[in-house]
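Beneath this line is the structure, given in structure tokens, with notes to follow.
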Amino acid sequence: MVRRKGNKGDKGSSSLDAQVTRMSFEDGDSKTETSSHEESMDVFTGSDQTSADYYFDSYSHFGIHEEMLKDTVRTKTYQNVIYQNSFLFKDKVVLDVGAGTGILSLFCAKGGAKHVYAVECSHMADMAQEIVKTNGYSDVITVLKGKIEEIELPVQNVDIIISEWMGYFLLFENMLNTVLYARDKWLIPGGIVLPDKASLYLTAIEDADYKAEKIDFWENVYGFDMTCIKNQAMLEPLVDTVDRNQIVTNCQSLKTMDISKMKPGDASFTASFKLVAERNDYIHALVAYFDVAFTNCHKVTGFSTGPKSRATHWKQTVLYLEDVVTICEGEALVGSMTIAQNSKNPRDVDITLEYSISGKRCQAHRKQFYKMR
């Protein structure tokens with residue numbers, strides 16, 4: 001999986017890009033004496049970490065949390081859900097899965113929760129503990145450092161589970177299964193999961209210029225054929241912000257998941273689609289995005305990561321097609337998409353796309369494979 005940098009409204013490289021640059025130049029030598037400032041910096045830079053679990057290591061750096069906190073669509077939605085529905089939280093025990101800096105736990109505590117257990121596996125848990133103390137919520141929020149699957153809570157049950165578990169393409173990183181594990185182990189019957197609904201959508205776009213820049217570039221690199229890299233690039237979905245004017249077809253729901261009832265295996269599925277052209281144009285890629293909803297609120301609340309909505313840090317996921325599909329208004333690109341956890345690394349996602357069109361100016365049928373890594 002790759003991300004487009006510095007395009008379509010991005011101001012410079014992302015916080016995560018800065019993280020990668022910084023980490024690659026840090027001195028890993030151990031020191032016999034460390035100041036308190038250096039010790040706190042170790043939490044961010046991961047000087048005592050290995051690459052054995054990059055997923056958790058990456059969340060130890062403040063940069064990725066800064067990006068998420070500054071995503072006001074994301075953060076303000078959670079804040080509004082909690083503050084505007086205090087009747088849900090008053091005197092309730094809450095479990096925050098993947099707490100990060102503890103922002104959702106702080107919202108819950110301020111919103112009237114009896115107690116909040118904030119579980120975070122990365123080194124950011126140490127910072128969350130300090131943040132909780134600094135803001136005067138140590139008596140309400142307990143930060144627990146470790147994996148949900150390995151820790152034990154000081155209580156037998158919780159009333160509410162809250163988590164911001166969604167990844168790129170909704171399912172990348174597979175944190176959803178961790179939420180489901182916590183639900184099955186600790187949530188009381190009739191308890192609430194926030195958010196409780198998530199839907200994955202698909203549409204098709206025209207993207208000739210960037211496909212040429214990103215994919216076709218490898219066909220002739222200063223006079224040399226590097227098509228082998230093009231073939232690899234086609235396998236990796238691109239995370240980027242898509243202009244709504246690029247959209248050629250309708251948007252179709254692939255899957256809606258009820259987090260309060262679904263089983264872990266339900267996140268792997270095959271869904272059919274029919275994308276109908278709204279104008280004469282060319283299709284260079286399919287685009288996936290997701291919506292989430294909090295339906296237990298007084299008024300249903302949620303947000304969309306779609307290209308017609310306000311931008312979020314999730315952006316959209318672009319899957320380039322081998323073919324350039326010439327499509328006329330009213331014609332349909334039909335097919336199916338299969339989504340599954342990677343067998344070697346369940347945090348990665350394998351995508352199989354099969355599509356066809358039988359139109360006036362284009363006939364095509366193809367199967368493609370993608371890997372989100």
Side-chain angles (χ1 to χ4, degrees), residues 1-4 7-8 168-172 200-220 226-255 269-290 305-308 315-340 348-373:
M1 179 190 66
V2 292
R3 296 182 63 177
R4 193 180 302 184
N7 280 4
K8 297 186 179 178
Y168 298 125
F169 192 68
L170 182 61
L171 298 170
F172 181 61
L200 186 65
Y201 292 86
L202 193 68
T203 189
I205 63 168
E206 181 281 326
D207 202 19
D209 292 343
Y210 196 72
K211 185 182 180 185
E213 178 186 340
K214 186 68 185 177
I215 305 296
D216 298 338
F217 162 79
W218 298 105
E219 294 177 357
N220 185 341
M226 298 188 181
T227 307
C228 58
I229 298 180
K230 174 185 176 179
N231 296 336
Q232 184 65 32
M234 285 292 296
L235 293 173
E236 297 188 20
L238 174 73
V239 174
D240 190 29
T241 301
V242 172
D243 191 310
R244 62 187 300 160
N245 294 323
Q246 294 177 260
I247 299 172
V248 176
T249 69
N250 63 306
C251 302
Q252 182 176 331
S253 172
L254 291 178
K255 177 85 169 180
F269 60 90
T270 298
S272 60
F273 62 83
K274 181 179 180 180
L275 301 177
V276 180
E278 297 176 344
R279 63 175 186 262
N280 290 359
D281 212 324
Y282 303 95
I283 294 175
H284 299 90
L286 300 188
V287 172
Y289 64 92
F290 65 88
T305 64
K308 295 182 179 180
K315 304 183 181 181
Q316 292 89 43
T317 302
V318 181
L319 302 96
Y320 284 111
L321 304 182
E322 294 281 357
D323 304 293
V324 176
V325 176
T326 303
I327 195 166
C328 298
E329 183 177 358
E331 293 179 348
L333 184 74
V334 299
S336 65
M337 181 174 285
T338 299
I339 299 165
D348 295 342
V349 179
D350 293 335
I351 304 167
T352 303
L353 171 68
E354 189 166 4
Y355 64 88
S356 63
I357 182 172
S358 181
K360 290 188 296 184
R361 298 168 186 159
C362 182
Q363 293 79 41
H365 179 87
R366 190 180 294 273
K367 178 181 284 191
Q368 289 184 230
F369 302 94
Y370 305 88
K371 301 176 183 295
M372 294 197 74
R373 300 289 184 264

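What you see below is based on every heavy atom in this structure, not just the backbone, and it leaves out hydrogens, waters and symmetry mates. Starting from 1, each residue takes its place in the sequence as its number.
Residues that satisfy the side-chain hydrogen bond (donor to acceptor under 3.5 Å, both in side chains) test with Asp323, not counting sequence neighbours, are Tyr355, Arg366. With sequence neighbours left out, Ala340 forms a side chain to side chain contact (heavy atoms under 4.5 Å, CB included) with Ser268. Residues passing the salt bridge (charged side-chain N to carboxylate O under 4.0 Å, His left out) test with Lys308, sequence neighbours excluded: none. Legend: residues meeting salt bridge (charged side-chain N to carboxylate O under 4.0 Å, His left out) with Glu219, ordered by chain and number and at least two apart, are Lys230. Applying the side chain to side chain contact (heavy atoms under 4.5 Å, CB included) test to Ala271 and every residue at least two apart in sequence or in another chain returns Leu254, Phe269.
Counting heavy atoms from C-beta on, the side chains of Leu286 and Leu275 come closer than 4.5 Å. Annotation: side chain of Leu319 is not in contact with side chain of Gln368 (no heavy-atom distance under 4.5 Å). Between Phe169 and Ile339, the closest side-chain pair of non-hydrogen atoms falls below 4.5 Å. Looking at heavy atoms from C-beta onward, Phe290 lies out of side-chain contact with Leu171 at the 4.5 angstrom threshold. Side-chain contact check for Val242 versus Tyr289: every heavy-atom pair is 4.5 Å or farther apart. Between Phe217 and Ile229, every side-chain heavy-atom pair lies at or beyond the 4.5 Å cut-off.
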**OP:** Test Asp350 against Lys371 for side-chain contact (heavy atoms from CB on, under 4.5 Å), laying out the working first.
**Re:** CA-CA 5 Å; Asp350 293 335; Lys371 301 176 183 295; 4.0 Å; yes
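Screening Thr326, Val325, Ile327 for a side chain to side chain contact (heavy atoms under 4.5 Å, CB included) with Arg361, the sole residue that qualifies is Thr326.
Across every non-hydrogen atom of Asp207 and His284, the tightest pair is N-ND1, 3.0 Å.
Classification of the Tyr168-Phe172 ring pair by plane angle, with boundaries at 30° and 60°, yields parallel.
Residue pairs meeting the salt bridge (charged side-chain N to carboxylate O under 4.0 Å, His left out) criterion with at least one partner in residues 274-283, sequence neighbours excluded, are Arg279-Asp281.
The main-chain N or O of Ala204 is found under 3.5 Å from a side-chain atom of Thr249 such that the two form a donor-acceptor pair. A donor-acceptor contact shorter than 3.5 Å is absent between the side chain of Glu206 and the backbone of Gln246. Using a distance-only test at 3.5 Å, with no hydrogens or angles considered, a donor-acceptor pair links the side chain of Lys211 to the main chain of Leu321.
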